[in-house]
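Quick notes on the structure that follows.
Since this is a predicted model, take the numbers as computed values, not measurements.
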Amino acid sequence: MTLIRRWIARPVHWLPKFDPHSLQIRLTVGMALVSALGIGTLAIATSWQMQRQLVATHKQTIKYIFDRFDRDVMHYSERNPAEKGLQPAIDSLSADRVLLWVKRPDGAIAAQSMPLSGRDDDTSKGLLGLPARQMMPQVSEIGGRFWVWCSGPLTVKGTHLGQLYIAADITEDRGILEGLIRTLALASGAAIVAMTVAIALYVRRSLRPVLEIGQLADRISVRELDTARIQLQNAPSEVRQLAQTCNTMLDRLAQSWEQQRQFVSNVSHELRTPLTLVSGYLQSTLRRATNLSEPQREALEIAASEAERTIQLLQDLLDLARADRGYLHFQLEPLLIVDLVAEVVEMAKQYSHREIAIVCGEDLLEASADRNRLKQVLLNLIDNAVKYSPSDTEIKVGVRSFGDRAIVEICDRGVGIPLAQQGRIFERFYRVDEARSRSVSPGESLATGGTGLGLSIVKTLVEGMGGTVTVRSKPGEGSTFGVILQRD
Ligand code: ADP
C-alpha cells in the first residue's frame with residue numbers, strides 16, 4: 001500500500017513543462033484543431049447525409065403508394081361506385097408501418113387502415129387531425145413517434161372522393177440511425193484524441209533538434225568556444241541549415257574572441273614595462289626629493305598611486321588572458337590554511353590600518369591550493385572588505401571545515417550588495433555602483449577605487465584550484481565571501 005502511495009506521489013520528471021507560448025504547444029494545438037475540425041465536419045456531414053437518405057427513401061415509398069392508389073381503387077370498385085373500392089385498396093396497400101386513410105370533403109373518414117380504426121389514442125388522433133397538403137411529404141413527431149406523411153386530393157372515375165393521407169412510421173429506422181450517429185461521434189472523438197497525441201509526439205520529435213541547438217548555445221562558455229559545435233543527426237534540412245549557421249557564427253565568435261584576447265594580452269604586456277619604470281621613477285623621486293612644495297608632492301603621489309593601480313589592472317588582464325588560454329598553471333600542495341590566513345591578514349593590516357580578526361576552530365585544517373594564488377585571492381577579498389565597509393567596523397576572517405571541504409570566509413559589516421547584482425559581480429569590469437566604488441584619494445594607496453576585475457580574478461583562480469567562491473550579502477548589513485577548497 002505504502003509502495004503504491006509512494007509511486008503515485010513520486011515526482012513526474014518525464015512530463016514536459018507546459019508553456020502555452022512555446023512553438024511546440026502552438027503547433028500541436030493548431031494542428032489538432034485543424035484535424036478535429038476536419039474529422040468533426042466529416043462526421044456531421046455523414047450523419048446529415050444518412051438522415052436525408054432515410055427520409056428520402058420513405059418519401060419515395062409513400063409517393064409510389066400515392067401514385068398507384070387511384071388505380072387500385074378503380075380495380076377494387078369495378079362496376080360499383082368508386083367509394084366501394086376505397087377500403088379494399090387501403091387494406092391491400094397498408095403495412096405494419098404504413099397507414100392510409102381518406103377524408104371526405106366534409107371531414108368524415110371514408111376509409112382507413114386497420115391500426116387506425118376504432119383507436120382513440122394520441123397517435124390516431126394526431127394522424128387523423130393532420131392538415132391537407134398538396135403532395136409535399138414531410139416529417140412530423142406525432143404521439144411520441146416520427147412519421148413521414150403526405151396528403152393529396154383523390155379523384156377516381158371523375159368523382160372527387162376527398163383527401164388521401166399516407167403516413168409511414170420511421171421511428172425504428174431513426175433509432176437505428178441515431179445509434180449509428182452516436183457510434184460515429186464516439187469514433188470521431190477517439191480519432192481526434194489519437195490524432196492529437198500523435199501530432200504532439202510528432203511535433204515534439206520534430207522540434208527536438210531546435211531545442212538541442214538552444215541548449216547547446218545556452219551551455220557554451222568562453223572556454224568551449226573553440227571546440228563546441230552543434231552536431232545533429234537525422235534532423236530536417238532547415239534545422240541542419242540553422243545548426244550550420246550557428247556553427248559558422250561560433251567559428252567567427254571564437255576567432256574574434258581569440259583576436260581580442262591576443263590584443264588585450266599584447267597591449268597589457270607592452271604597457272606594463274614602461275609603466276613599471278614610470279612608477280619606479282615616481283616612487284624614488286618622492287622618496288629622495290627634499291625640496292618639493294606641498295602641491296608638487298601631492299600631484300606626484302596621485303600620479304604614483306594611479307600608475308600603481310594601472311599596473312595592477314594590466315597584471316589582472318594578463319592573468320585573465322592567460323587563464324582563458326589555459327596557460328595559468330597552479331602548483332597545488334597541502335597547505336595549513338590558518339597559517340596562510342594569518343600571514344595574509346598581517347599583510348592586509350599593515351596597508352589598511354584596520355582591525356581584522358581571525359576566527360578559527362581548527363588550527364590544523366589543511367587544503368589543497370597554490371600558496372601564492374590563494375594569497376592573491378584572500379588579499380583581493382580582504383581588500384574589498386576594507387574598501388566597502390566603514391573604517392570603524394571590524395572585518396573577520398573565518399576558517400572552518402565542512403565535510404571534505406575547507407572554507408575561508410571574509411566577512412565585513414559594510415555597504416553590502418543588492419541581491420540582483422550578486423550574480424554579476426564576478427563578471428569582468430562589473431561594478432555595483434561606479435560612484436560608490438571608485439575613490440581616487442592618494443592616501444588610500446592599494447585600497448583605492450578598483451577596476452572591476454578583482455572578483456573575476458578571484459573566481460578564475462579559485463576555480464583553477466578546483467574550488468568555488470560564494471557570496472552572501474545584504475545591503476546596509478555587510479557581505480560574506482566564501483572560498484571553498486578541497487581538503488587534502
Ligand atoms: P572592484 O575593483 O571594483 O572592487 P571587484 O571585482 O573586486 O571590483 O568587485 C566588483 C564589485 O563588487 C565592486 O565594484 C563592488 O561594488 C562589489 N563588491 C565587491 N566586494 C564587496 C564587498 N565586500 N562589499 C560590498 N560590495 C562589494
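- Shortest non-hydrogen contact noted between Thr196 and Ile192 is OG1-O, 2.7 Å.
- Side-chain atoms of Leu381 and Leu455, non-hydrogen and from C-beta on, do get closer than 4.5 Å to each other.
- When the shell of 6.0 Å around CD of Glu172 is examined, it contains more than 12 heavy atoms from other residues, nucleotides or ligands.
- Panel note: side chain Lys387, backbone Ile382; no donor-acceptor pair is recorded below 3.5 Å.
- Taking the six-membered ring where tryptophan is involved, the planes of Phe426 and Phe481 are perpendicular, since the angle between them exceeds 60° and thus also 30°.
- Atom OG of Ser47 and atom CD of Glu178 lie 11.0 Å apart (nearest 0.5 Å).
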- Between Leu128 and Gln112, does a side-chain contact (heavy atoms from CB on, under 4.5 Å) hold up when you go through it step by step? CA-CA 10 Å; Leu128 296 177; Gln112 57 186 317; 4.1 Å; yes
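- Tyr430 contributes no side-chain N or O that, together with a main-chain N or O of Gly452, makes up a donor-acceptor pair within less than 3.5 Å.
- With a 6.0 Å radius and a threshold of 12 heavy atoms from other residues, nucleotides or ligands, Gln486 has its CD atom above the threshold.
- Within the 4.5 Å cutoff, the side chain of Phe330 has heavy atoms near those of the Leu461 side chain.
- For Arg104 against Ala110, the heavy-atom pair with the smallest separation is CG-CB, 3.7 Å.
- Considering every non-hydrogen atom in both Ile39 and Ala191, the closest pair reads CD1-CB, 4.0 Å.
- In Trp257, the CH2 atom is crowded: over 12 heavy atoms of neighbouring residues, nucleotides or ligands sit closer than 6.0 Å.
- There is no side-chain donor-acceptor pair under 3.5 Å between Ser113 and Trp101.
- Between atom CD1 of residue Ile220 and atom CG of residue Asp226 there is a gap of 11.0 Å, rounded to the nearest 0.5 Å.
- In the model, Asp319 has a side-chain atom that pairs as donor or acceptor with a side-chain atom of Gln315 under 3.5 Å.
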- Item | Stepwise side-chain contact (heavy atoms from CB on, under 4.5 Å) test for Leu374 and Leu485 | CA-CA 10 Å; Leu374 187 56; Leu485 295 166; 3.9 Å; yes
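- The residue from Gln421, Gln422, Glu427 that alone fulfils the side-chain hydrogen bond (donor to acceptor under 3.5 Å, both in side chains) condition with Arg424 is Glu427.
- Under the 4.0 Å criterion applied to side-chain N and carboxylate O atoms, Arg97 and Asp173 are assigned as salt-bridge partners.
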- Query: Under the side-chain contact (heavy atoms from CB on, under 4.5 Å) criterion, do Val55 and Gln51 qualify, and how do the steps go?
  - Reply: CA-CA 6 Å; Val55 174; Gln51 236 163 351; 5.7 Å; no
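- Considering OG1 of Thr28 and CD1 of Ile199, their distance stands at 8.0 Å, rounded to 0.5 Å.
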- Task: Start with the C-alpha distance between Trp149 and Leu127, add both sets of side-chain angles, then the distance that settles side-chain contact (heavy atoms from CB on, under 4.5 Å), and finish with yes or no.
- Result: CA-CA 9 Å; Trp149 65 277; Leu127 286 173; 5.7 Å; no
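- Considering CG of Leu453 and CZ of Arg431, their distance stands at 9.5 Å, rounded to 0.5 Å.
- A salt bridge is absent between Arg487 and Asp404; no separation between the charged side-chain nitrogens and carboxylate oxygens falls under 4.0 Å.
- In this structure, the side chain of Asp72 does not engage the main chain of Ala89 through any donor-acceptor pair within 3.5 Å.
- Side-chain contact between Val148 and Thr61 is absent, with no heavy-atom pair separated by less than 4.5 Å.
- Side-chain contact check for Glu366 versus Leu335: every heavy-atom pair is 4.5 Å or farther apart.
- Residues Ser92 and Tyr76 share a closest heavy-atom pair of CB-OH, 3.4 Å.
- Counting heavy atoms from C-beta outward, Ser151 and Ile166 have side chains that stay 4.5 Å or more apart.
- Here the closest non-hydrogen pair linking Thr393 and Arg413 is CG2-O, 4.0 Å.
- In this structure, Arg174 satisfies the cation-pi test against Phe146, with its NZ or CZ atom closer than 6.0 Å to the six-membered ring centre and inside 45 degrees of the ring normal.
- A heavy-atom distance below 4.5 Å is not found between the side chains of Leu164 and Asp70.
- Between the side chain of Ser473 and the main chain of Ile417, a donor-acceptor pair closer than 3.5 Å is present.
- A salt bridge is defined here as a Lys NZ or Arg NE, NH1 or NH2 lying under 4.0 Å from an Asp or Glu carboxylate O, and Asp122 with Lys125 fails to meet this definition.
- The CD1 atom of Ile484 lies 13.0 Å from the CE atom of Met465; values are rounded to the nearest 0.5 Å.
- Within 6.0 Å of CD in Gln49 there are more than 12 heavy atoms belonging to other residues, nucleotides or ligands.
- Heavy-atom contacts from other residues, nucleotides or ligands closer than 6.0 Å to NE2 of His160 number more than 12.
- Looking at Gln312 and Thr451, their side chains never come closer than 4.5 Å, going by heavy atoms from C-beta outward.
- With hydrogens and angles disregarded, a donor-acceptor distance shorter than 3.5 Å links the side chain of Arg229 to the backbone of Leu225.
- Salt-bridge check for Glu463 with Lys459: passed, with a basic side-chain N closer than 4.0 Å to an acidic carboxylate O.
- Ser188 places a side-chain N or O within 3.5 Å of a backbone atom of Leu184 that can act as its donor or acceptor partner.
- Ion pairing between a basic and an acidic side chain is recognised when a charged N comes within 4.0 Å of a carboxylate O; Arg472 and Glu477 show no such pairing.
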- Task: Decide side chain to side chain donor-acceptor pair (under 3.5 Å) for Gln87 and Asp91; before the verdict, give the C-alpha distance in whole Å, the side-chain angles of both, and the deciding distance to 0.1 Å.
- Result: CA-CA 6 Å; Gln87 192 58 50; Asp91 291 343; 2.9 Å; yes
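- Distance CZ/Arg52 to OG1/Thr57: 11.0 Å, rounded to 0.5 Å.
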- Derivation and outcome, side chain to side chain donor-acceptor pair (under 3.5 Å), residues Asn380 and Gln376: CA-CA 6 Å; Asn380 248 320; Gln376 191 181 347; over 6 Å; no
- Item | Step-by-step side chain to side chain donor-acceptor pair (under 3.5 Å) determination, Glu409 to Thr480 | CA-CA 6 Å; Glu409 282 176 321; Thr480 300; over 6 Å; no
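- Contact record, Ala367 with Ile337: CB-CD1, 3.5 Å, taken as the closest heavy-atom pair.
- Under the 4.5 Å side-chain criterion, counting only non-hydrogen atoms from C-beta, Leu130 is in contact with Tyr165.
- Between the side chain of Glu362 and the main chain of Ser401, a donor-acceptor pair closer than 3.5 Å is present.
- Of the N and O atoms on the side chains of Asp370 and His329, not one donor lies less than 3.5 Å from an acceptor on the other residue.
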